[in-house]
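Order of the sequence lines fixes the chain letters, A, B, ..., with proteins taken first and strands second; residue numbering starts at 1 for each chain.
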Amino acid sequence: MPEPFDQRQPRSDKLQTMQTQGRDPFAHHKYERTHTAGEVETEFDSLAGTPVAVCGRLIAIRTHGKSIFADLQDASGTIQVYARMDVLGEEEFGRFAKLDLGDIIGAAGEVFRTRSGEVTVRIDEFILLAKALRPLPEKFHGLQDTEVRYRQRYLDLLVNAETRQIFRQRSRIIQSAREYLLAQGFLEVDTPVLQPLYGGAFAQPFTTYHNALDMQLYMRIAPELYLKRLIVGGLERVFEIGPVFRNEGIDTRHNPEFTLLEAYQAYADYDDMMALTEGLVGAMCQAVHGALQFAYQGQEIDLSPPWPRRPLLELIVEHTDIDFSGTETAEQAGQAAAGLDLGDIADQTRAHIIEKTFDRYVQPHLIQPTFVIDYPVEMSPLAKRKLEEPQLTARFEPFIAGEEIGNAFSELNDPLDQRARFQDQMRAREAGALETQPLDEDFLAALEHGMPPTGGLGLGMDRLVMLLTNQPNLREVILFPLLRPPPES
RNA sequence: GGGUCGUUAGCUCAGCCGGCAGAGCAGGGGACUCUUAAUCCUCAGGUCGCAGGUUCGAUCCCUGCACGACCCA
């Protein structure tokens with residue numbers, strides 16, 4: 001019975017031979033590169049005929065007897081290199097011929113253009129900087145298997161140019177948001193990821209444990225309550241961009257760990273936050289599209305301000321003919337929704353019934369950017385009430401292409417009302433609700449010291465990147481999405 | 001949690017009605033000094049996801065499980 005063929009064997013043998021001969025590729029600590037692949041290409045007119053030193057990974061090798069063409073890939077692109085036996089000599093040329101796809105080399109020599117017009121480095125000397133012991137995925141079709149693409153993202157990045165492009169755009173998008181806020185006088189801050197009490201969103205937390213303090217800690221589900229403490233502290237304009245953790249299911253729109261932007265502005269309200277949202281998302285779009293228009297999955301989206309402001313209950317009337325504004329109890333809301341297909345709503349609260357109706361019948365239709373405003377107070381325990389309608393809050397959620405991309409409000413700064421809202425949440429928890437916001441005495445103490453009227457905004461950066469890079473799935477814009485461990489070999 | 005689909009060589013994929021497991025790329029050997037999905041000759045490479053069942057015989061049909069994708073909740 002023949003041994004199963006191991007792709008790694010010839011490569012391991014070559015490595016061992018080199019190491020025995022005192023030419024261990026892993027002995028090199030650095031390489032003095034003079035130009036990147038992209039620079040050699042763009043600066044060809046001034047570089048032609050002069051020596052350069054480039055480095056990168058061999059992604060294609062074409063041998064022609066006593067000459068070899070190869071493509072070297074670095075972060076800037078690819079550059080063709082050309083090895084000739086009459087230039088390198090028999091021994092060095094022989095070593096070049098033993099290189100494998102995936103090997104990482106440095107190569108130095110003159111820049112020229114081939115007869116077919118390709119900018120090329122004619123190799124005078126080269127050095128192997130890392131031996132690849134495993135083969136690259138197939139060169140033409142790239143790596144298609146989604147599971148391998150996510151589990152071994154480095155392979156995806158190596159062979160799929162589109163993946164590299166997405167994550168470059170992600171970086172540019174987040175950077176543009178940061179620059180926009182800094183230009184508006186916001187201070188970037190870091191608040192605790194490990195929190196003794198979680199809050200700022202409706203979600204179940206991940207719990208962990210600190211040994212030295214002998215205490216349970218939570219991974220934050222939002223930075224909100226800490227950022228508002230900083231507003232109490234007088235910083236007036238603060239923001240944070242960072243990971244939050246929500247212990248919930250995984251699908252095309254949810255990853256348990258995701259990147260949230262939160263910004264707080266003292267002496268501002270939710271109208272100001274709408275303007276800030278329009279400016280921020282517009283800047284993010286400009287960063288990758290150079291315009292306020294972009295296409296998402298075949299839909300043309302226009303981010304030009306102002307975006308329409310539409311009351312939540314009014315939108316529900318528009319799409320279902322059902323008016324929840326007259327309802328006060330869960331029973332009344334349930335009766336109003338009787339004709340709708342909402343699944344089992346028997347034990348649901350009025351707020352949940354309204355939320356479900358919106359999610360199912362309204363949200364998919366919000367293609368162009370829309371601010372849904374005026375959420376019921378029981379769905380918004382941290383938002384300020386509207387003066388004229390105290391059962392509603394000065395809160396909005398922005399929607400684009402049918403996706404919820406954030407949440408914002410005039411922040412509740414009345415410590416007595418805030419305490420009452422927390423107590424409502426505790427009652428809901430006792431009644432069986434899993435996702436409630438725990439009473440945070442330390443946060444209440446901060447409010448009792450006085451927080452100015454403040455506008456707050458949260459934006460889901462992964463979803464925005466997904467929209468702006470035209471990806472159908474959140475996992476395509478998260479480098480290492482959470483997956484189950486692979487089955488044992 | 002439910003439904004549908006997928007899992008075959010390192011990668012990308014075929015495999016008909018149940019009857020000896022296939023191709024391209026990658027890999028080994030050989031030819032070739034301007035190629036770029038180089039070309040030509042040649043060779044090797046398989047736990048058909050895992051475990052059962054039906055059958056004379058299973059990659060193929062059935063059941064369960066694992067992982068993934070999509071849809072629904």
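Distance A:Leu58 CG to B:rA26 C1': 14 Å, rounded to the nearest Å. Atoms CG (A:Asp103) and P (B:rA26) sit 15 Å apart, rounded to a whole Å. Taking atom CD of A:Gln7 as the reference point, atom P of B:rA9 lies 12 Å away to the nearest angstrom. The CG atom of A:Leu133 sits 14 Å away from the C1' atom of B:rG10 (whole-angstrom rounding). In this structure, CD1 of A:Ile61 is placed 10 Å from P of B:rA26, rounded to the nearest angstrom. Taking atom CZ on A:Arg62 and atom P on B:rU39, their separation rounds to 11 Å, with Å as the unit. Rounding to whole angstrom units, CG of residue A:Asp13 and P of B:rG28 are separated by 11 Å. In this structure, the CG atom of A:Leu101 is 16 Å from the P atom of B:rU12, given to the nearest Å.
Applying the Watson-Crick and G-U wobble criteria (two distances, each under 3.5 Å), B:rA9 pairs with nothing in any strand. Across all strands shown, B:rA69 forms a Watson-Crick or G-U wobble pair with B:rU4, both key distances being under 3.5 Å. Using N1 to N3 plus N6-O4 or O6-N4 for Watson-Crick, or N1-O2 and O6-N3 for G-U wobble, each under 3.5 Å, B:rA51 pairs with B:rU63. Pairing of B:rG18, defined by two Watson-Crick or G-U wobble distances under 3.5 Å, is not identified with any nucleotide. Pairing for B:rG27 is with B:rC43, a Watson-Crick or G-U wobble pair whose two hydrogen-bonding atom distances lie under 3.5 Å.
In this structure, CD1 on A:Ile400 lies 9.5 Å from OG1 on A:Thr277, to the nearest 0.5 angstrom. To the nearest 0.5 Å, atom CG of residue A:Leu58 and atom CG of residue A:Asp71 are 9.0 Å apart. Rounding to the nearest 0.5 Å gives a distance of 11.0 Å between CD1 of A:Ile127 and CZ of A:Arg95.
Residues from residues 70-79 of chain A with heavy atoms under 4.0 angstrom of RNA chain B: there are none. Remark: nothing in residues 47-54 of chain A comes within less than 4.0 Å of RNA chain B through any heavy atom.
Under the 6.0 Å cut-off for aromatic ring centres, A:Phe294 and A:His289 qualify, their centroids lying closer than that. In this structure, A:Tyr375 has its ring center no closer than 6.0 Å to that of A:Phe358. Ring to ring, A:Phe409 and A:Phe396 are not that close: their centroids are 6.0 angstrom or more apart.
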Using residues 332-342 of chain A as the side-chain source, report each donor-acceptor pair under 3.5 Å to any protein atom, sequence neighbours left out, with the distance given to one decimal.
{"from": "A:Gln332", "atom 1": "OE1", "to": "A:Glu328", "atom 2": "N", "distance (Å)": "2.7"}
{"from": "A:Gln332", "atom 1": "OE1", "to": "A:Thr329", "atom 2": "N", "distance (Å)": "3.2"}
{"from": "A:Asp341", "atom 1": "OD2", "to": "A:Arg360", "atom 2": "NH2", "distance (Å)": "3.3"}

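Nucleotides B:rA44 and B:rA23, compared at atom P, are 11 Å apart to the nearest Å. The separation of B:rU12 from B:rA26, taken at their P atoms, amounts to 15 Å, rounded to a whole angstrom. Across the C1' atoms, B:rC60 and B:rC20 are found 15 Å apart, a figure rounded to whole Å. Nucleotides B:rG3 and B:rG10 place their C1' atoms 34 Å apart, quoted to the nearest Å. With C1' as the reference atom, B:rC50 and B:rA14 are 24 Å apart, rounded to whole Å. Between B:rA9 and B:rC43, the distance separating the two C1' atoms is 15 Å to the nearest Å. Comparing the C1' positions of B:rC48 and B:rG18 gives an interatomic distance of 15 Å, to the nearest angstrom. As rounded to the nearest Å, B:rU47 and B:rU54 have P atoms that lie 26 Å from one another.
If you check every strand for non-hydrogen atoms under 4.0 Å, A:Gln144 touches sugar and phosphate atoms only. At a threshold of 4.0 angstrom between heavy atoms, the contacts of A:Leu136 with the nucleic acid are absent. Residue contacts shown for A:Phe93 are absent, as no nucleic acid heavy atom lies under 4.0 Å away. Nucleic acid contact for A:Gly142: sugar-phosphate only, since backbone atoms but no base atoms lie under 4.0 Å from a heavy atom of the residue.
For the side-chain hydrogen bond (donor to acceptor under 3.5 Å, both in side chains) test, residues two or more places apart in sequence or in another chain that qualify with A:Thr163 are A:Asp156. For A:Arg57, there are no side-chain hydrogen bond (donor to acceptor under 3.5 Å, both in side chains) partners two or more places apart in sequence or in a different chain. A search for side-chain hydrogen bond (donor to acceptor under 3.5 Å, both in side chains) contacts involving A:Gln19 returns A:Asp24, not counting sequence neighbours. Residues passing the side-chain hydrogen bond (donor to acceptor under 3.5 Å, both in side chains) test with A:Gln152, sequence neighbours excluded: A:Tyr154.
You'll find that the side chain of A:Gln80 is closest to B:rU35, out of B:rU35, B:rU12, B:rA38.
Contacts classified as ring-ring contact (aromatic ring centres under 6.0 Å, His included) and involving residues 30-62 of chain A (residues at least two apart or in different chains) are not found. For residues 127-146 of chain A, the pairs satisfying side-chain hydrogen bond (donor to acceptor under 3.5 Å, both in side chains) are A:Asp100-A:Lys131, A:Asp103-A:Lys131, A:Glu138-A:His141, with sequence neighbours left out. Applying the ring-ring contact (aromatic ring centres under 6.0 Å, His included) test to every pair with at least one member in residues 50-72 of chain A, sequence neighbours left out, gives these pairs: A:His64-A:Phe69, A:Phe69-A:Tyr82.
Residues A:Glu125 and A:Glu92 have side chains not in contact (no heavy-atom distance under 4.5 Å, counting atoms from C-beta outward).
Look at A:Lys139 and you'll find a side-chain N or O under 4.0 angstrom from OP1 or OP2 of B:rA26. The phosphate of B:rG28 has neither OP1 nor OP2 within less than 4.0 Å of any side-chain N or O from A:Lys98.
None of A:Arg170, A:Arg475, A:Arg253 except one satisfies the salt bridge (Lys or Arg N to Asp or Glu O under 4.0 Å) rule with A:Asp462; the exception is A:Arg170.
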Could I get a table of every N or O pair under 3.5 Å where one atom is in the protein and the other is in nucleotides 30-33 of chain B?
{"from": "B:rC32", "atom 1": "N3", "to": "A:Gly65", "atom 2": "N", "distance (Å)": "3.0"}
{"from": "B:rC32", "atom 1": "N4", "to": "A:Gly65", "atom 2": "N", "distance (Å)": "3.4"}
{"from": "B:rU33", "atom 1": "OP2", "to": "A:Lys66", "atom 2": "N", "distance (Å)": "3.4"}
{"from": "B:rU33", "atom 1": "O4'", "to": "A:His64", "atom 2": "O", "distance (Å)": "3.4"}
{"from": "B:rU33", "atom 1": "O4'", "to": "A:Ser67", "atom 2": "OG", "distance (Å)": "3.2"}
{"from": "B:rU33", "atom 1": "O2", "to": "A:Arg84", "atom 2": "NE", "distance (Å)": "3.3"}
{"from": "B:rU33", "atom 1": "O2", "to": "A:Arg84", "atom 2": "NH1", "distance (Å)": "3.1"}
{"from": "B:rU33", "atom 1": "O2", "to": "A:Arg84", "atom 2": "NH2", "distance (Å)": "2.9"}

Apply salt bridge (charged side-chain N to carboxylate O under 4.0 Å, His left out) to the pair A:Asp6 and A:Arg8, showing each step before the final yes or no.
-> CA-CA 5 Å; A:Asp6 186 349; A:Arg8 288 174 288 182; 3.5 Å; yes
Footprint string (nucleotides 67-73 of chain B, 5' to 3'): B base within contact, S backbone only, - free, heavy atoms under 4.0 Å = SSSSS-S
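Nearest-nucleotide assignment on RNA chain B puts the 5′-proximal partner with A:Val148, out of A:Lys14 and A:Val148.
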